[in-house]
Amino acid sequence: MKFGHFDDKNREYVITNPQTPWPWINYLGNEDFFSLISNTAGGYTFYKDAKFRRLTRYRYNNVPMDSGGKYFYIKDNDTVWSPGWKPCKTKLDKYECRHGMNYTNILGEKNGVTASVLYFVPLKTWAEIQKLTLTNNTKEIKKLKVFSFVEWCLWNAASDMENFQRNFSTGEVEIEGSVIYHKTEYKERRDHYAYYSVNVPVSGYDTDRESFFGLYNGFDEPQVVADGKSKNTEAHGWSPIASHYIEVELKPGESKDFVFVLGYVENKEDEKWESKNIINKKKAKDTISRFNTVEKVDAALADLRKYWDNLLSIYSVNSGDDKLDRMVNIWNQYQCMITFCFSRSASFFESGIGRGMGFRDSNQDLTGFVHQIPERARERIIDIASTQFPDGGCYHQYQPLTKRGNNDIGGGFNDDPLWLILGTVSYIKETGDFGILEEMVPFDNDISVSRTLFDHLTVSFDHVINNLGPHGLPLIGRADWNDCLNLNCFSNDPNESFQTTENKTEGSKAESVMIAGLFVVYGRDYVELCKRLGKNDEAARAQKHVDTMVDVIKKHGWDGSWFLRAYDYYGKKIGSDENEEAKIFIESNGWCTMAGIGKEEGMCTKALDSVKERLDSKYGIVLNNPAFTKYYIEYGEISSYPAGYKENAGVFCHNNPWIMIGETVVGNGNRAWEYYKKICPSYLEEISELHKTEPYVYAQMVAGKDAFKPGEAKNSWLTGTASWNFYAVTQYMLGVRPDYDGLLIDPCIPTDMKGFTITRKFRGATYNIEVANPNGTNKGVLEVIVDGKPNNSNLLPVFGDGKEHKVKVVLG
Ligand code: BGC
């Protein structure tokens, strides 16, 4: 069953039934100021950091679900309704929510009135615009009463939810004309306030929540709306809100627009006040005046659209398969921008309070985003590297506002350092900017101990070889990519964390074959980088370690038919046929085949066949098999999950592309694409009811074959799945891959795929690439013609001439 449809021309997903199986959301803003918005107008807003600068409040996991948002109440005689159906839930005559690129338009129709609300954050603006358009489709005059509503959060979203003995006394607002200002804590330590305005005179307002709703009413029946009149309340403490009341008269056929601005201001210490206790409103007024007419709003939306036209023109495919094209050209790239902005911080599965930016996560997210805005990727790489420790280890997470490492979680995740090589190399291959390696970057944010970024890569590399275990494989530390494989934790106490409690670290022998594979892949990248910089001794030194690791994996990381996953604290195998449960894992098989370890000896194909046989399922490749059915104290959190969920044999969509890429290494395009389609959301639209999360973005996890409900997805949006799938499908499957000296053309496609065209903008030139597959092959480039002349390899040169170039590729 579907709940809407794709509108590819407008790059929108159009939801036509508000009762989606879960809130289907979108993100507004792409730089500093953000909102999350569901298809029924639920969600919240923040500036930069969803924890420390939360503008509006949200209630997680509430009953009913998705409570709180940017609501409008329309009172038409005795009928009260909302354009997004919720919160009133009055049956609508028509409903449509269009989620587009950083904007959402929600439209409702009731008793001859259409209310359409466009929500977006204009480029370079610290405010969300809401353009409400009311249209009277009847032959009579309509007299409507409109009430807006947002609820302020007292800035720190964590303490906002717990410290009520203080919070209920601190709230402060100011009201001036049609603007409501939220200034809690501004008088002391804050330099910021928020505001909510509308561009017409109001007939009333409310800022005290209980007065607006009535103490015993929910979001669906505010007392003020029922009464048809605001109370003009001024909040003192308790829970400040902002609600405007507007009386609207519409002639038959008439439309009226109202522009609401929900914004954020920072003022310098000496510019905070206009007069005693009266805040300096200048910046707010400036922003409000930038959007005080419909023309200005429409122009800002047009700019946003142009911005996305431009971003999405960098890589686009025309394959004749709409499902593939819309993912590659629109939604997957869009999701990559979102994961780049948020890492794992704020979604409808991540509260915005817990996690900041992940070290490994952000590096991986970069790979799907770097072609869009390389300058921002560059800045991110420096920010991430600045949280690294001098020995190459790193904070597992950092806070976006402060850009400082998060002490609560600390470091010790031994895969983390290697991802910095991935992030940096992806950036250089896209841009050719080797200069980034010379940037001075602090350790642990202390500039007195800065070294070049290249040195950071060296310590990343060395961190692995300085932390080897008894087999010569990398020690796992707290965990590797799989946060839940906690081999040194041994926790029996539900009050402690699986990740940060390590009571078996001393003398641990726990080793990770996944990190070993990762080390081979990024170690080779490091070697290549050294060579290009003329650091030949360093290249030779590093190469030796990589070669040794390959040998060690072959010797100690191979189980006969697949790659082992790890060795536990006692030195016992994990992911081996010897094990009772979880005999085989996806991660090590992904990385070791991506590294081509034992390819000549047939190890790669054997491992991939084992993956197919044991891990593949109708809804994707599960993480391990058979699932754990009991808790293994020596394995940690992974075995705590019920079978088939999350890291215990769920389809973890993040790592499926590792196998897809592995399949391209051995040239099995049919299988790579079969895997791709199994987890790609646009191919799952028809089973939306089961899949549950948005059909336009990837989810982190789909319940695996051992689960109660296989195929049900969770944790959509903020997942490395976005960048890895984009990376796999664009670079290894469609096979247009940036390299240091040009664009490498190396597709690996299904035998029945006849061909496709790709437009790729790369280092200042446009490549119009036409790939033909006349002989029904999987992989192998027979011929490359560039601008009418044969090119003697499958590497397209860097033209950098601002021109378009025609490339013909024949596979065979
Ligand atoms: C985390 C990743 C981790 C993955 C697997 C995700 O939730 O963000 O850092 O690699 O889970 O455990």
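Note: hydrogens, waters and symmetry copies are ignored here, and every other heavy atom, side chains too, is used. As the structure is a computational prediction, the values presented were derived from the model and not from experiment. Order of appearance sets the numbers: ligands from 1, and atoms from 1 within every ligand.
Under the 30°/60° scheme for interplanar angles, the aromatic rings of F46 and F34 are found to be tilted.
The side chain to side chain donor-acceptor pair (under 3.5 Å) test applied to K705 returns no partner, not counting sequence neighbours.
Ranking the protein heavy atoms by distance from atom 1 (C) of ligand 1 puts R355 NH1, 3.5 Å first. Nearest protein heavy-atom contact of atom 10 (O) of ligand 1 is W481 O, 2.4 Å.
Atoms of ligand 1 found under 4.0 Å from any heavy atom of R360, numbered from 1 in the order shown, are 2 (C), 3 (C), 9 (O), 10 (O). Interface of R344 with ligand 1, defined as ligand atoms under 4.0 Å from a residue heavy atom, comprises 8 (O). Set against the non-hydrogen atoms of N482, the atoms of ligand 1 under 4.0 Å away are 12 (O).
Rounded to the nearest 0.5 Å, atoms CG (N445) and NZ (K403) are 10.0 Å apart. Atom OG1 in T730 sits 8.0 Å away from atom CD in Q333 (nearest 0.5 Å).
Taking all heavy atoms of L485, L623, D361 into account, the minimum distance to atom 2 (C) of ligand 1 is reached by D361.
The shortest N or O to N or O distance between Q700 and ligand 1 is under 3.5 Å. By the 3.5 Å distance cut-off applied to N or O atoms, D483 is counted among the residues near ligand 1.
Ion pairing of R378 with D383 is absent here, as no side-chain N (NZ or NE/NH1/NH2) approaches a carboxylate O to less than 4.0 Å.
Looking at E647 against ligand 1, only its side chain comes within 4.0 Å, counting heavy atoms.
A donor-acceptor distance shorter than 3.5 angstrom exists from the side chain of R54 to the backbone of A50, with no hydrogens or angles considered.
Between E430 and Q372, the closest side-chain pair of non-hydrogen atoms is not below 4.5 Å.
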